[in-house]
Engineer: 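Take a look at the following structure, please.
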Amino acid sequence: MSSSFFSRFIDVLAPASCPICGNRLSADERFLCAGCLLQLPFTGFEANPGDNPIAETLRWHFPVEKCASLLSYRPGSAISKLLLSLKFFNHPEYGTELGRIMASEFQSAGFFDGITTLFPLPLTRKRQRQRGYNQSLEICRGISEITGIAITTKGMTRSEGNAPQSSLPHDKRYENVKNVFHLTDPSIFQGQHILIVDDILTTGSTVTACAKEILKAGDVKISIATIGYAGQ
Ligand SMILES: O=P(O)(O)OC[C@H]1O[C@H](OP(=O)(O)OP(=O)(O)O)[C@H](O)[C@@H]1O
């Protein structure tokens, strides 16, 4: 039995539906229906990866090569519901699907040119245990499927004990994550152009703390990609 026959068979038994509008997906639709896909609030940042609101913010903190987020994020929006489901309602597959969409959009802009390694932003062990997966790794899986770029989860740990960024006002976030990442194996990063991948970028404090730690390895370039952009 071919896998497409098998998936069509499963589809008849339990038709897949679009997680945004709830409508049944047709045979040639995947994850989102065509209508919801068209209405996604794409940022277009990948067209100017060195000159967009994220690059402007992060450049104050560390030498960043390229930055982009796929979608504008607003609380209560369809995108926020997707990302909440990814993080808190056991939908790791949403990460992979969103990673695929990101990769398809960014690849045509040449965003991945020169990038050698995908690095999912590490979670604390406690958060990983509670959630059962790292949502950023799931996003990386989707990107890797489309681009063929390898993923590494090695070379860094994240300490327990800091509050979730989402629970804090923006002016407390930099201090909260400043010392939580720890480089454990510089050789993983040396000679690489690392793309740090996360689900949402708001103030940029989390990716900045992670990037600064990776930069301690020396001889490394850093770029940043997230699904949602919740900055101003
Ligand atoms: O750009 P920033 O202002 O730093 O905020 C973005 C970070 O906040 C969220 O994580 P959070 O710490 O809330 O939760 P998590 O560790 O459970 O993913 C999100 O997943 C990013 O990692």
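Predicted model only: the values in this text are computed from it and were never measured.
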Engineer: What closest approach, in Å, do I224 and F111 show between heavy atoms, and which atom pair accounts for it?
Structural biologist: O-CZ, 3.7 Å
Engineer: Out of curiosity, does V197 fall in the hydrophobic cluster containing I222 (side-chain heavy atoms, cut-off under 4.5 Å, transitive links)?
Structural biologist: no
Engineer: To the nearest 0.5 Å, what is the distance between CD (E46) and CG (L70)?
Structural biologist: 7.0 Å
Engineer: Any heavy-atom pair between the side chains of I200 and T226 that's under 4.5 Å?
Structural biologist: no
Engineer: Would you check if L215 and P63 make a side-chain contact, meaning some heavy-atom pair closer than 4.5 Å?
Structural biologist: yes
Engineer: Roughly how far, to the nearest 0.5 Å, is the CD atom of E56 from the CG atom of L58?
Structural biologist: 10.5 Å
Engineer: Output yes when a side-chain donor or acceptor of Q190 lies under 3.5 Å from a complementary backbone atom of D219, and no otherwise.
Structural biologist: no
Engineer: Using side-chain heavy atoms (C-beta onward) and a distance below 4.5 Å, is K216 in contact with P186?
Structural biologist: no
Engineer: What I want to find out is whether D199 reaches K87 closely enough, with some N-O distance under 4.0 Å, to be called a salt bridge.
Structural biologist: yes
Engineer: I need the L25 CG to N23 CG distance, nearest 0.5 Å.
Structural biologist: 8.5 Å
Engineer: Less than 4.5 Å apart, side chain to side chain, heavy atoms only: is that true for F119 and Q192?
Structural biologist: no
Engineer: With a 4.5 Å heavy-atom cut-off, do L71 and Y229 have their side chains touching?
Structural biologist: no
Engineer: Looking at every non-hydrogen atom in both residues, tell me the closest pair between C67 and A55 and how far apart they are.
Structural biologist: SG-CA, 3.7 Å
Engineer: Restricting to non-hydrogen atoms, name the atom on D198 and the atom on S136 that form the minimum distance, rounded to 0.1 Å.
Structural biologist: OD1-OG, 3.0 Å
Engineer: Classify the side-chain pair H182/S159 by whether it contains a donor and acceptor separated by less than 3.5 Å.
Structural biologist: yes
Engineer: Which atom names give the shortest non-hydrogen contact between R74 and S80, and what distance separates them?
Structural biologist: O-CB, 3.5 Å
Engineer: Using modelled atom types only, decide if a donor and an acceptor are shared between the side chain of E160 and the backbone of T124 within a distance under 3.5 Å.
Structural biologist: no
Engineer: Do S144 side-chain atoms and C140 backbone N/O form a donor-acceptor pair below 3.5 Å?
Structural biologist: no
Engineer: Working note: I214 + I196, criterion side chain to side chain contact (heavy atoms under 4.5 Å, CB included); need CA distance, chi angles, decisive distance, verdict.
Structural biologist: CA-CA 10 Å; I214 293 176; I196 299 176; 3.9 Å; yes
Engineer: Kindly compute the distance separating CD (Q135) from CG (L83), expressed to the nearest 0.5 Å.
Structural biologist: 9.0 Å
Engineer: Hey, mind stepping through Y73 and L201 against side chain to side chain contact (heavy atoms under 4.5 Å, CB included) and telling me if it holds?
Structural biologist: CA-CA 9 Å; Y73 176 99; L201 187 145; over 6 Å; no
Engineer: Taking a hydrophobic cluster as the set of Ile, Leu, Val, Met, Phe, Trp and Tyr residues connected by side-chain heavy atoms closer than 4.5 Å, whether directly or through intermediates, do I54 and I139 fall within one such cluster?
Structural biologist: no
Engineer: Are the side chain of E65 and the backbone of S223 linked by a donor-acceptor contact shorter than 3.5 Å?
Structural biologist: no
Engineer: Could you grab the distance from atom CZ of R158 to atom CG of L121, nearest 0.5 Å is fine?
Structural biologist: 5.5 Å
Engineer: Heavy atoms, side chains only, cut-off 4.5 Å: are I227 and L82 in contact?
Structural biologist: no
Engineer: Establish whether L183 and L195 are linked, either directly or via other cluster members, by ILVMFWY side-chain heavy-atom contacts under 4.5 Å.
Structural biologist: no
Engineer: For the backbone of I146 and the side chain of R100, can you confirm whether one donor and one acceptor N or O come within less than 3.5 Å of each other?
Structural biologist: no
Engineer: Counting N and O atoms only, with roles assigned by atom type, does the side chain of T184 sit under 3.5 Å from a partner on the main chain of G155, one being a donor and the other an acceptor?
Structural biologist: yes
Engineer: Minimum heavy-atom separation for C210 and F181, please, with both atom names.
Structural biologist: N-CD1, 3.6 Å
Engineer: Just so I know, are the side chains of I143 and I149 near enough to count as touching, which here means a heavy-atom distance under 4.5 Å?
Structural biologist: no
Engineer: Looking only at atom types and distance, does a side-chain atom of N52 sit under 3.5 Å from a main-chain N or O of N48, one as donor and one as acceptor?
Structural biologist: yes
Engineer: Looking only at non-hydrogen atoms, find the nearest pair between Y174 and K212 and report the distance.
Structural biologist: OH-NZ, 2.8 Å
Engineer: Between R131 and L123, is a side chain to side chain contact (heavy atoms under 4.5 Å, CB included) present by the stated rule, with each step listed?
Structural biologist: CA-CA 10 Å; R131 193 164 289 158; L123 291 183; 3.9 Å; yes
Engineer: Under 3.5 Å, side chain of T43 to main-chain N/O of S69, donor-acceptor pair present?
Structural biologist: yes
Engineer: When you compare the side chain of F45 with that of P53, does any pair of heavy atoms fall below 4.5 Å?
Structural biologist: yes
Engineer: How long is the span from the CD atom in Q128 to the CG atom in L137, to the nearest 0.5 Å?
Structural biologist: 8.0 Å
Engineer: Take E138 and R141 through the test side chain to side chain contact (heavy atoms under 4.5 Å, CB included) and record every step on the way to the result.
Structural biologist: CA-CA 5 Å; E138 303 306 320; R141 289 191 212 285; 3.2 Å; yes
Engineer: CZ of R127: more than 12 outside heavy atoms within 6.0 angstrom?
Structural biologist: yes
Engineer: When you measure from the side chain of R59 to the backbone of G50, do you find a donor-acceptor pair of N or O atoms at a distance under 3.5 Å?
Structural biologist: yes
Engineer: Please tell me whether L37 and L98 are part of a single hydrophobic cluster in this structure, the criterion being side-chain heavy atoms less than 4.5 Å apart.
Structural biologist: yes
Engineer: Same cluster or not: Y94 versus L118, using hydrophobic residues (I, L, V, M, F, W, Y) connected whenever any side-chain heavy atoms lie under 4.5 Å apart?
Structural biologist: yes
Engineer: Does any N or O in the side chain of R173 come within less than 3.5 Å of the main-chain N or O of Q165, such that one atom is a donor and the other an acceptor?
Structural biologist: yes
